[in-house]
Amino acid sequence: MTGARQDLVRGYCAACGSTVSRAFRPGPDGRPDAVCPRCGSLERHRFLSLLLGVLAPDLRDLDTVVEIAPSRQSKVLLDRVEARRRISLDAGYDAREVDALASLTQLPLRDGSVDLLVCYHVLEHVPDDCAAMREIARVLSPRGIALLEVPIRTGVVTEEDPSATPDERIRRFGQRDHVRWYGDDFDTRLSAAGLSSLRVTPPALVGEAAVAWFRLMPHEVVWVVHPGSVCVSPMLAGGSGSGLTAAFDAVLADLDRTRDLLGRARARADRLAAQRDSLRARLAEVSAPQGHHVAGVLTRLRRATHL
């Protein structure tokens, strides 16, 4: 019991459903607290898991779920969604394992056949992203939902240049295979393609305290998209949101109090252990001469008995 203990829970990974006592590892770009030490999920995977949970009432009795450019972590999450058909697609520019090779601008799917489509960080790679958005609108069923994520900068319009060289793309768009940075007009582009959109961020969905607990990125934006052309006002942090914010705030405040009490109890236990060790040392010092005297008496008794 001696010494400070460091096994307090550091966070919760919504992707693998585990409380984690080890530190979350840095992300690919060095950002802190990005990678779950248990399952390797990133912030977007953990937020996706929470989003799927919130949308669960709308994700019942699904026929077809489609993911564009899947990752190992996202495939696990979407496998939990009970659907009769699960399809993964990619254009084939890397070695990821998918069910079929296909471009987002020409999806090999029937009109209105997809109940859930997940497309994270793909549209910024596509030269004709408007055609890709129209394809998403075409394949979504009337009840269909698409979850989209793209790199975006607020306060500006979309900057794009599909003809830019790879070096210029790195300088302007942050990556050699990106052809644009999206701006405030992204929702307008979706609307023009026949998609109604709602922006959702982690603080708006679960609150600031839960963002830290789940190790999410506060400024991450996911668009929840339906067939239509209405741009819904974004969910704002501190608003009613999904109703989870107040619940998470209360639970995490209670958890903080419990952790504080546990920390105090462990500090008291450490102090008592230190006092115990000190008393043992003093007792050993006092008992040493007496122990030598007793040993001498026993030796004399043994000799007398031998005689």
Side-chain angles (χ1 to χ4, degrees), residues 27-29 31 42-45 48 66-71 74 87-111 114 116-140 144-201 217 219-231 234:
D29 59 354
R31 64 184 183 276
L42 295 170
E43 302 96 333
R44 64 175 176 267
H45 303 125
L48 173 61
V66 172
E67 185 176 16
I68 310 297
S71 66
S74 60
I87 302 172
S88 59
L89 303 171
D90 190 61
Y93 296 127
D94 53 32
R96 74 182 73 210
E97 182 178 348
V98 294
D99 297 314
L101 299 178
S103 169
L104 188 55
T105 59
Q106 291 181 312
L107 294 174
L109 302 166
R110 298 191 310 274
D111 294 0
V114 177
L116 175 63
L117 184 144
V118 176
C119 180
Y120 274 26
H121 292 282
V122 177
L123 287 169
E124 65 271 19
H125 299 263
V126 181
D128 189 357
D129 66 326
C130 293
M133 294 175 189
R134 289 193 296 269
E135 274 293 272
I136 293 173
R138 178 184 68 80
V139 301
L140 280 182
I145 298 174
L147 301 179
L148 310 179
E149 187 169 277
V150 298
I152 187 169
R153 294 184 292 195
T154 58
V156 297
V157 298
T158 296
E159 179 189 359
E160 59 185 338
D161 186 359
S163 65
T165 65
D167 290 340
E168 188 178 359
R169 290 178 182 180
I170 293 175
R171 180 180 62 82
R172 294 174 60 187
F173 310 128
Q175 201 165 305
R176 66 187 303 113
D177 54 351
H178 286 190
V179 298
R180 68 179 57 82
W181 266 105
Y182 284 103
D184 293 336
D185 56 339
F186 182 62
D187 297 87
T188 304
R189 290 182 175 225
L190 292 172
S191 178
L195 295 169
S196 175
S197 60
L198 167 67
R199 296 189 187 197
V200 182
T201 64
M217 287 192 293
H219 303 298
E220 181 179 1
V221 182
V222 173
W223 282 260
V224 181
V225 173
H226 300 268
S229 58
V230 178
C231 298

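Keep in mind that what you see is a predicted model, and the values were worked out from it rather than measured. One is the number of the first residue; the rest follow in order along the sequence.
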### Query
Are any of the side-chain heavy atoms of Ile145 and Val225 separated by less than 4.5 Å?
no
### Query
Between Val150 and Asp129, is any pair of side-chain heavy atoms under 4.5 Å apart?
no
### Query
Listed by chain and number, what are the side chain to side chain contact (heavy atoms under 4.5 Å, CB included) partners of Pro108, not counting sequence neighbours?
Leu89, Ala102
### Query
When rounded to the nearest 0.5 angstrom, what is the spacing between NE2 in His219 and OG1 in Thr154?
9.5 Å
### Query
Does Thr158 reach the main-chain N or O of Tyr182 with its side chain, forming a donor-acceptor pair under 3.5 Å?
no
### Message
Which heavy atom of Arg189 sits nearest to which heavy atom of Cys130, and what is that distance?
### Response
NH1-SG, 4.5 Å
### Query
Does Arg171 have any salt bridge (charged side-chain N to carboxylate O under 4.0 Å, His left out) partners at least two apart in sequence or in another chain, and if so, which?
Glu168
### Task
Report the C-alpha distance between Leu148 and Ile136 in whole Å, list the side-chain angles of each, state the deciding distance to 0.1 Å, and finish with yes or no for side-chain contact (heavy atoms from CB on, under 4.5 Å).
CA-CA 10 Å; Leu148 310 179; Ile136 293 173; 4.0 Å; yes
### Task
Indicate the atoms forming the closest heavy-atom contact of Ala193 with Ala137, along with that distance.
O-CB, 3.3 Å
#### Entry: Closest approach of Val224 to His226 (non-hydrogen atoms, all atoms of both residues)
CG1-NE2, 4.1 Å
### Task
Work out which heavy atom in Ala69 is nearest to a heavy atom in Val122; give both atom names and the distance.
CB-CG2, 3.8 Å
### Query
Between Glu67 and Arg96, is there a side-chain N and carboxylate O pair less than 4.0 Å apart?
no
### Separation between CG of Asp99 and CD1 of Ile87, rounded to the nearest 0.5 Å
7.0 Å
### Query
Residues two or more places apart in sequence or in another chain: which of them pass side chain to side chain contact (heavy atoms under 4.5 Å, CB included) with Arg153?
Val156, Glu159, Trp181
### Query
In Å, rounded to the nearest 0.5 Å, how long is the span from CD of Glu160 to CZ of Arg172?
9.5 Å
### Query
Are any of the side-chain heavy atoms of Leu48 and Ser74 separated by less than 4.5 Å?
yes
### Task
Kindly compute the distance separating CZ (Arg31) from CD (Glu43), expressed to the nearest 0.5 Å.
4.0 Å
### Audit row: Tyr93, Asp177, side-chain hydrogen bond (donor to acceptor under 3.5 Å, both in side chains) steps and yes/no
CA-CA 10 Å; Tyr93 296 127; Asp177 54 351; over 6 Å; no
### Message
Any non-hydrogen side-chain atom of Leu107 less than 4.5 Å from a side-chain atom of Val66?
### Response
no
### Query
By salt bridge (charged side-chain N to carboxylate O under 4.0 Å, His left out), which residues pair with Arg169, not counting sequence neighbours?
none
### Task
List the atom of Ala91, the atom of Leu101, and the distance in Å for their closest heavy-atom pair.
C-CD2, 4.4 Å
### Task
Mind checking the OG-CG spacing from Ser229 to Asp187? Nearest 0.5 Å is all I need.
12.5 Å
### Message
Which heavy atom of Asp184 sits nearest to which heavy atom of Arg199, and what is that distance?
### Response
O-NH2, 3.6 Å
### Task
Under the side chain to side chain contact (heavy atoms under 4.5 Å, CB included) rule, collect the residues that match up with Ala132, sequence neighbours excluded.
Leu104, Thr105, Leu123, Val126
## Note on the structure
To the nearest 0.5 Å, atom CD of Glu135 lies from atom SG of Cys119 at 12.0 Å
#### Entry: Backbone of Met217 reached by a side-chain donor or acceptor of Arg44 within 3.5 Å
no
### Query
Do Phe186 and Met133 have side chains that get closer than 4.5 Å, going by heavy atoms?
yes
### Summary
ring-ring contact (aromatic ring centres under 6.0 Å, His included) pairs touching residues 151-178, sequence neighbours excluded, are His125-His178
